[in-house]
Amino acid sequence: MKPRWKGKGSQAKANADPMSKIVSQLQSSLIQSETRGLLSSCSVLVEVDAELADLLNRSCFGRPRITAQEDKQWFQLDMEEAFYLCFSLKCLKVIGEDGYIKSNEELWDYLKSKKPVFPVSYKVYSHLRHKNWVVRSGLQYGVDFVAYCHHPVLVHSEYAVLVLSEGDNDLNGRLRVWSDVHCTVRLCGSVAKTLLTVIVNSNNQGANSPSCLEHYTVEEQTITRWNPERSREDQTGPKNGTKKV
Amino acid sequence: MMPRWKGKGLQAKANADPMSKIVSQLQSSLIQFETRGLLSSCSVLVEVDAELADLLNRSCFGRPRITAQEDKQWFQLDMEEAFYLCFSLKCLKVIGEDGSIKSNEELWDYFKSKKLVFPVSYKVYSHLRHKNWVVRSGLQYGVDFVAYRHHPALVHSEYAVLALSEGDNDLNGRLRVWSDVHCTVRLCGSVAKTLLTVIVNSNNQGANSPSCLEHYTVEQRTITRWNPERSREDQTGPKNGTKKGVTRF
């Protein structure tokens with residue numbers, strides 16, 4: 001499915017300014033400013049200046065939060081976003097409620113305690129981010145994530161992503177029954193997205209520490225409706241008389 | 001939620017010809033003709049004449065199937081529809097693949113073997129049918145059933161129904177996680193239906209025979225989005241200047 005760009009020039013603009021470069025700039029900037037995030041329930045809050053705010057917006061990490069402060073801006077990062085910056089990009093450190101910097105292992109344990117499926121969810125998030133997809137929450141579309149090939153301002157999201165797991169504990173909550181498959185495919189269709197299931201196999205590595213992640217394998221499957229009418233081989237002379245291959 | 005009739009005069013038409021009466025006519029007619037259904041995998045096939053075909057269509061049981069036969073018509077009944085006619089309305093008998101009539105217990109066991117959640121699904125189906133709702137498959141809307149106030153030709157369906165269970169084995173496949181709740185509510189909204197969950201509690205009666213059903217209890221819950229903007233108490237002077245009252249459900 002080809003990306004649907006939002007207006008003329010968006011594709012060129014995106015090609016001139018690839019997401020990989022923007023993320024890289026964000027990474028450097030966060031390291032240089034030694035930014036610290038504050039752990040708050042299921043989010044991480046970061047205080048940033050105008051330059052970092054701009055990079056966070058352009059790379060689509062976090063959401064700006066309105067505060068009474070005028071000179072500084074605060075961003076709220078989801079669990080997966082925060083852990084990606086800490087563990088994969090190694091450009092952020094997170095301070096716990098006790099005032100101490102959390103190690104990656106401590107952060108991992110904490111986030112797992114808040115969300116039992118975090119290891120699988122994170123594997124999917126990081127898998128897509130590593131491929132330079134912009135990954136955001138998909139909750140309003142009834143899925144886990146939505147994936148864009150560049151900034152949402154420039155392009156419509158192509159994929160509605162559901163995180164599933166194979167083997168180990170069956171923590172899957174979705175697509176266990178046919179009615180859910182129909183529901184999800186239909187909703188995705190109505191918002192012009194393809195349903196993408198990303199199935200994580202932990203290969204019996206467990207989830208004790210983030211180092212387990214590199215042994216997880218990932219399989220991607222799209223689920224779409226097959227329409228017999230549109231899939232006929234011989235398509236000479238359909239209604240409007242055009243020959244289609 | 002008020003029923004949305006598909007045109008002027010249709011509500012009057014429905015009132016003049018209540019579903020309870022149509023179903024009752026179907027029941028009498030099936031008994032009179034000693035109709036026999038044929039068990040075929042997960043369906044029951046019935047051969048009917050024009051009068052019965054008309055009653056089946058008007059009461060919304062089964063789907064007509066096209067065959068090579070010209071004088072007789074065949075209808076395909078879903079499991080719940082067939083069992084309702086056999087067990088609740090006692091107007092149909094079903095013949096198994098071995099050629100003999102299945103008792104209700106045998107039919108129950110057979111359907112359970114095809115569909116593990118059949119007891120719960122059937123309880124929901126019969127619960128709604130007893131209240132004279134027209135109940136059809138909801139699969140194309142991503143739910144278990146859709147419920148209409150009368151025939152679908154006259155009225156739009158109001159409820160998208162999910163059959164859930166409480167207690168016993170947790171065979172629930174839906175609404176286990178928030179993303180599914182959002183997905184379902186959003187889809188229901190886009191097709192102008194209210195999500196209705198019907199939660200069946202077997203009260204530890206098990207599911208060994210259809211006689212267990214009468215001890216199951218049923219709880220109905222609608223799930224809708226709560227919109228803070230539309231639910232404000234003081235609604236004087238919104239954008240278009242109209243005063244709106246608070247709607248209480």
Side-chain angles (χ1 to χ4, degrees), chain A residues 42 78-80 114-118 120-121 124-125 135-147 157 159-165 169-198 223-228, chain B residues 42 78-80 114-118 120-121 124-125 135-147 157 159-165 169-198 223-228:
Chain A
C42 295
D78 292 337
M79 286 192 223
E80 290 85 6
K114 292 292 186 183
K115 187 174 170 179
V117 298
F118 178 73
V120 172
S121 174
V124 173
Y125 180 89
V135 186
R136 301 298 261 170
S137 167
L139 196 62
Q140 62 177 129
Y141 299 106
V143 292
D144 296 316
F145 300 115
V146 285
S157 80
Y159 294 104
V161 184
L162 275 179
V163 172
L164 301 176
S165 62
N169 296 336
D170 184 11
L171 289 175
N172 289 322
R174 296 300 301 277
L175 308 188
R176 297 169 74 103
V177 292
W178 277 116
S179 64
D180 194 4
V181 178
H182 281 276
C183 186
T184 315
V185 171
R186 181 164 177 161
L187 184 62
C188 287
S190 73
V191 294
K193 297 181 195 333
T194 302
L195 175 59
L196 173 68
T197 57
V198 185
I223 301 180
T224 50
R225 288 190 70 179
W226 180 77
N227 189 326
Chain B
C42 295
D78 291 336
M79 285 192 229
E80 290 85 3
K114 293 292 186 182
K115 186 174 171 178
L116 292 171
V117 298
F118 178 74
V120 169
S121 175
V124 173
Y125 180 89
V135 186
R136 302 295 262 172
S137 166
L139 196 62
Q140 61 176 130
Y141 299 106
V143 291
D144 295 319
F145 301 113
V146 285
S157 80
Y159 294 104
V161 184
L162 278 177
L164 301 178
S165 62
N169 297 335
D170 184 10
L171 289 176
N172 289 323
R174 297 301 300 277
L175 308 189
R176 297 169 74 104
V177 291
W178 276 116
S179 64
D180 194 2
V181 177
H182 282 275
C183 186
T184 314
V185 171
R186 182 165 178 161
L187 184 62
C188 287
S190 74
V191 293
K193 298 182 197 329
T194 302
L195 176 58
L196 173 67
T197 57
V198 184
I223 300 179
T224 49
R225 287 190 70 179
W226 179 77
N227 189 328

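Protein chains get the first letters and strands the later ones, always in sequence-line order, with residue 1 at the start of each.
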Requested in this report: Return the option, out of A:Leu175, A:Thr184, A:Asp180, with the maximum number of heavy-atom pairs under 4.5 Å with chain B.
Outcome: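 Of the options given, most contacts go to A:Asp180.
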Requested in this report: For B:Thr197, check side chain to side chain donor-acceptor pair (under 3.5 Å) against everything at least two apart and list the hits.
Outcome: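 Once residues adjacent in sequence are excluded, B:Thr197 has no partner under the side chain to side chain donor-acceptor pair (under 3.5 Å) criterion.
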Nearest heavy-atom pair of [X] and [Y]: which atoms, and what distance?
X        : Y        : value
A:Arg186 : B:Gln140 : NH1-O, 2.9 Å
A:Val177 : B:Gly173 : CG1-CA, 3.9 Å
A:Leu139 : B:His182 : O-CB, 3.4 Å

Query raised in the report: For B:Val181, is it the side chain, the backbone, both, or neither that has a heavy atom closer than 4.5 Å to a heavy atom of chain A?
Result: neither
**Report entry** Engaged part of A:Ser190 at the chain B interface, taking heavy atoms whose separation is under 4.5 Å
**Finding:**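 Interface part for A:Ser190: neither.
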Report summary line: Applying a strict 4.5 Å limit to non-hydrogen atoms, the region of A:Val117 in contact with chain B is neither
Report summary line: Sorted by chain and residue number, the ring-ring contact (aromatic ring centres under 6.0 Å, His included) partners of A:Phe145 (sequence neighbours excluded) come out as A:Tyr125
Query - Interatomic distance, A:Arg174 atom CZ to B:Cys183 atom SG [nearest 0.5 angstrom] - result: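 Reported to 0.5 Å precision, the distance equals 4.5 Å.
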